[in-house]
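Start at 1 and go down the list; that is how both ligands and their atoms are numbered.
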Amino acid sequence: MKRVWKHLIGSLILGGGLALSSIVPSAQAVEINITCGSGGPVTDFCLKTANEWADKTGHTVVQFTTPNSSSAQLGLFQQMFAAKSGDVDVVSIDVVWPGLLYKHFVDLREHFPEDFIKQFFPSIIQNNTAPDGRLVAIPRFTDAGLLYYRKDLLEKHGHQPPETWDDLKRIAEDILAKEGNTDLMGFVWQGKPYEGLTCDALEWIDSFGGGSIVEPDGTISVNNPNAVKALETAASWVGTITPESILNYQEEDARGAFQSGNAIFMRNWPYAWALGNQEGSLVKGKVGTQPLPKGTTEGSKNSGTLGGWNFAINKYSKHHKESADLIRYMTSAEVQLRQAIEVSLLPTIDAVYSEPEMIEKQPFLVSLQETFRNSVARPASITGKKYNRVSNKFWNAAYAVISGKETAQDALADLEKELTRIKGRKW
Ligand code: GLC
């Protein structure tokens, strides 16, 4: 509340000589609670820009803090919305949540003109459109899985960046043996059983031409030889180029290891780029990025899971109008350009990619555009309100394989049965 008073007093002073009517809007100043992610520079950027809006409008913004992982955040919001809680007004939602949570969000077409909506990638607008036709979220940033590597170490040992997963393993083993540094890890990624593992395992399978778990037409495709091969390949890293502790790694654990110079390769999202190259990073200037490697079966290709975050308005909030105004500012082309430059997040407005400042200061994001456009989507749209159960079964199956508890063949055969049960007569 303190800021509300500060704004009120501020406008009383500033408006000293003005008619009383010009002070009135501040008397209606509201407090908007917003979720901005789980900490670090991305959250700081989000809060900074939210506060710019507060300063312009006289409203107040308060951060609603959430757990780290996307899965844990989802659990929290499901509980809050079941209780019709209005504690949070503007909710940052994962790209896989619209089908799970849309009933709790307001229709943004009532707040935004078509011209505004038209600026964003149509595929994300489509993704954020509920089965009942309402637009429930505005794209904040998009995301895709990438391979990061230590340019200096690859060069030192005479290696080109890997084209296939086999290349990656071979290069990592060679560098590990030659460096003889016991703190150095070959390849770090996300191995904890949560949504992050769903993202990693989907891109392994897709890179081997093994499909996307459940296809857009609803077919459960995951039990196939290419998918088996993909999971076997990932399992072969654990205990060789990847330490067993990977089974507890999320994005930030991998980034921490890579940024402190302790990993040769890392799978992560674009946000890790700005951090890896910031002042004080031990790998500043030594980081290369490229699409994730291909598999070695027929139909293999570079892949990367499509991620991203969006802003929605909680239906139980009392401040729909002000929340919409805040979202308009936070997702504007101007803020997205700064967001790309300062914290290396991918814009959701096509036009931002051709801004001269973007090309000059963030060529990394511009050059990887093709990768982002070719990314593989999780089967969230087709499985709708069952997506979280599907993802949960999938990450558990992948986890069973990488932790050596089950063979890929058994895990995928069981998964197929479970998904068939979850599907029932239709998704
Ligand atoms: C990133 C992605 C998001 C994904 C999450 C998994 O935040 O943007 O879509 O679900 O990682 O950990």
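- Here the protein heavy atom with the shortest distance to atom 7 (O) of ligand 1 is Trp309 NE1, 2.9 Å.
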*salt bridge (Lys or Arg N to Asp or Glu O under 4.0 Å) between Arg338 and Glu52, intermediate numbers included*: CA-CA 13 Å; Arg338 286 167 52 204; Glu52 288 169 5; 2.6 Å; yes

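- Residue contacts with ligand 1, taken as heavy atom pairs separated by less than 4.0 Å, involve Arg378 solely via side-chain atoms from C-beta onward.
- Residue-ligand proximity, Gly196 to ligand 1, at heavy-atom distances under 4.0 Å covers atoms 6 (C), 12 (O).
- Among residues two or more places apart in sequence or in another chain, the side-chain hydrogen bond (donor to acceptor under 3.5 Å, both in side chains) test is passed with His111 by none.
- Ranked by closest heavy atom to atom 12 (O) of ligand 1, the top entry among Glu195, Glu252, Glu251 is Glu251.
- For atom 10 (O) of ligand 1, the closest non-hydrogen atom of the protein is Asp94 OD2, 2.5 Å.
- Classified by interplanar angle (parallel below 30°, tilted 30° to 60°, perpendicular above 60°), the ring pair Phe265/Phe187 is perpendicular.
- Shortest contact from atom 8 (O) of ligand 1 to any protein heavy atom: Asp143 OD2, 2.5 Å.
- Shown here are the side-chain hydrogen bond (donor to acceptor under 3.5 Å, both in side chains) partners of Asn277, two or more places apart in sequence or in another chain: there are none.
- The six-membered or imidazole ring of Phe81 lies near that of Phe105, with a centre-to-centre distance under 6.0 Å.
- Atom CG of Asn396 sits about 10.0 Å away from atom OG of Ser403, to the nearest 0.5 Å.
- Ligand 1 places these atoms under 4.0 Å from at least one heavy atom of Tyr194: 12 (O).
- Of the N or O atoms in Leu306, none lie within a sub-3.5 Å distance of an N or O in ligand 1.
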